[in-house]
Engineer: 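First the structure, which I've put down as structure tokens, then a few questions once you've had a look.
First listed ligand is number 1; within each ligand, the first listed atom is number 1. Just so it is clear, the values below take in all heavy atoms, side chains as well, and ignore hydrogens, waters and symmetry mates. Remember, predicted model here, so these are calculated numbers, not experimental data. Index from 1, following the sequence.
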Amino acid sequence: MDAGLPVVTMTASTHMQEKLSCLGIRNELDLILHLPIRYEDETHLFPISDAPQGQVVQVEGVIIHNEVVIRPRRQLVCQVEDRSGILVMRFLNFYGSQIKTYAVGKRVRLLGEIRSGFFGAEMVHPKCRIVRESESLADTLTPVYPTTAGLTQKILSKLIGQILQDAQRKQHLTETLPEQIIKKYRLASFQASVLCLHNPPSDVSIDALQTRTHPAWQRIKFDELLAQQLSMRLHYRQRRSHSAPVLPQKNQLAKKFLQQLAFKLTAAQIKVSAEISRDLAAVHPMQRLLQGDVGSGKTIVAALAALQAIESGFQAAIMAPTEILAEQHFQKLSAWFELLGIRVVWLSGSQKKKQRQAALDDIALGNAQLAVGTHALFQEQVIFHQLGLVIIDEQHRFGVHQRLALRMKGAQANMVPHQLMMSATPIPRTLSMSYFADLDVSIIDELPPGRAPIVTKLIAENRRNEIIARIQHACHQGKQVYWVCPLIEESETLQLKTAMEAHDSLSRIFPDLNVGLVHGRLSTQEKTEVMTSFKRGTIQLLVATTVIEVGVDVPNASLMVIENAERMGLSQLHQLRGRVGRGSEASICILMFQQPLSDIARQRLKIIFEQSDGFEIARRDLQLRGPGEFLGARQSGVPMLRFADLEQDGQLLTAAQSVADEMLNEYPDLAQRHIQRWLGEKTEYLRV
Ligand code: ADP
Ligand code: MG
């Protein structure tokens, strides 16, 4: 489709093109889809005394007073009068020229919010322009576009206006949806919707436009969601077109393995294992995301999947984002698997050369059936004998490229290994329906029985003594304690220093306790030593940076203190808290905070205090922060949503989901055009 740049290039200088590209606008279609963030209603005037407060209104009057006031700070204050009353307008920043422009006797039109100030009704920094008497009013709502420094509203809307004039001729506004779908979902036409949003007729409810409930907005949001679904489902289908080793469930190893365990699987674990098992037995590569709250027991599900691959003579690899976690997986899995006669090897970046070479040889020769490690697993020197399954724990920690590399690692003779991704950050349903539409999702929705709930306490920093007493008490009862040091994002060195200082001072406070320290700069061996001592109970109090955030599992630890909890994000707090409450002991998590709290920090602490359900926390987090952070590294590969709102537009999302499959099956050409319109060149990868 010719969506090139002619008009933009003709009218736009390179300078303007740069500005436009800051806004993500590269061609005419992008400009057409550059829709207003809000509207201003300049179609009628309110009498000053009748104008409603708390909303943007337009009034007109004559300036009767003009003065620069010095106190409490320098500002320009004018009084504007119409037949009904007087309004004060106030400019805190103003140019000298404005004093003259707004001279007494001038007629002005003001657009802004009226508030009651000390001297009666006032508008602070209204949009203000000089008008002649009975100058005509706008006959449509005025769109306000997202813009960037150096590109005015005026220029931008003029540019968009020009493009729209030619749009029909250039077929920019043609329909991409089959008629029957438009009918079925009662959608407005694309052309009418675009034109209406850029130039809303005066009789359109401004409220419906602002809240984006107007049919025109509904259509645009539907199209956007559909484009995302189409592109992601297309990627899914492409990946699925590869072949994968068929790994049938023979169940011999799994049976033996489950007999060793001291507990029974939960119903949720059984359900997701069956889903995974079915995928592994298929001729196409599995691309499944396993979600389960912290402590829901994902490791065992991963182990079962690995056993199914191994039983068919293939290798499996488990990759974890931190050495501590990888090491822990290694210990657990090798203990379990060695009883079954399966060889498990360990691979990490900081390993000694000789050990590493031995591990590499075992992997290459197929002596090792399971390899556990960090991202060291997908480095070049690692060559698998016959890799059938790749498991990625805490997948959101890995970049798209890293996952891709591991996937490609096992690709041989047009065969691609199965892939299981695991995540302890529960993803709200709508988010996973949209941004994870290229994956199959399994959810563990229950925790193993017998877990005592975790009590969360919020304690201000200045009540430290109270906390010290609790630690003392817990340790004397034979329990173990985590002390989590504050996250200092700006500087790892500073974070390290803080952790060491905390360790020193806590060692002094508790001379009779064995206080350990673990942080990201320790070598693997040092980390392992500390973690092993903590697991064995020789260390009672473990001072840690957030390296323990993911996956660490020490059931006897039942008290956690988090310093400066106000600095941490919700999912991080939830993850950290999940390190306790793993045994049958009642556990406590103390969130220490420093005052004053910012508004957002207060909200976060309130949520984490009130909620223990990871999915609910995630949902609230999504409301607070938007989808960006949930997606982590994924963000770079997925088409982001600009218009649709996952909370508000759940129904549109469900519709888009089913329409996407229908279109890919029955109208592939229209589907392509739709993707092209919305995503253009942005549909790069998502191959993982
Ligand atoms: P996560 O989902 O956070 O990775 P883990 O796999 O580390 O959770 O499991 C947390 C703890 O729960 C481990 O100590 C594990 O042995 C235990 N566990 C797992 N499944 C069950 C079960 N069905 N019943 C009892 N305990 C279980
Ligand atoms: Mg885990």
Engineer: Could you tell me, atom by atom, which parts of ligand 1 come under 4.0 Å of a heavy atom of I300?
Structural biologist: 19 (C), 20 (N)
Engineer: Hey, looking at atom 5 (P) of ligand 1, which of V301, T299, V554 has the closest heavy atom?
Structural biologist: T299
Engineer: So, K479 versus Q477: side-chain donor-acceptor pair below 3.5 Å or not?
Structural biologist: yes
Engineer: Please identify which atoms of ligand 1 are closer than 4.0 Å to at least one heavy atom of L265.
Structural biologist: 23 (N)
Engineer: Any donor-acceptor pair under 3.5 Å linking the side-chain atoms of E566 with those of N564?
Structural biologist: yes
Engineer: Without placing hydrogens or testing angles, list every side-chain donor-acceptor pair under 3.5 Å for residues 257-264, not counting sequence neighbours.
Structural biologist:
{"residue": "Q260", "atom": "NE2", "partner": "W336", "partner atom": "O", "Å": "3.2"}

Engineer: With the threshold set at under 4.0 angstrom, would you say P555 reaches ligand 1 through any of its heavy atoms?
Structural biologist: no
Engineer: Run the salt-bridge test on R278 and E275 with the 4.0 Å N-O cut-off and return the result as yes or no.
Structural biologist: no
Engineer: Heavy atoms only: which of S423, G297, S296 lies closest to atom 9 (O) of ligand 1?
Structural biologist: G297
Engineer: Measuring from atom 15 (C) of ligand 1, which candidate in K332, K264, Q328 has the nearest non-hydrogen atom?
Structural biologist: K332
Engineer: Answer yes or no for G295: is there a heavy-atom contact with ligand 1 below 4.0 Å?
Structural biologist: yes
Engineer: List every atom of ligand 1 that sits less than 4.0 Å from any heavy atom of V294, numbering the atoms from 1 in the order shown and giving each element.
Structural biologist: 3 (O)
Engineer: Could you verify whether a donor N or O on one side chain and an acceptor N or O on the other, from S523 and E526, lie under 3.5 Å apart?
Structural biologist: yes
Engineer: Examine the side chains of Q229 and Q657 and answer whether a donor and an acceptor come within less than 3.5 Å of each other.
Structural biologist: no
Engineer: Looking at V390, I392, T374, L347, which one forms a side chain to side chain contact (heavy atoms under 4.5 Å, CB included) with M319?
Structural biologist: I392
Engineer: Which atoms from ligand 1 have a heavy atom of T266 less than 4.0 Å away?
Structural biologist: 23 (N)
Engineer: Work out whether the distance between some heavy atom of M422 and some atom of ligand 1 is less than 4.0 Å.
Structural biologist: no
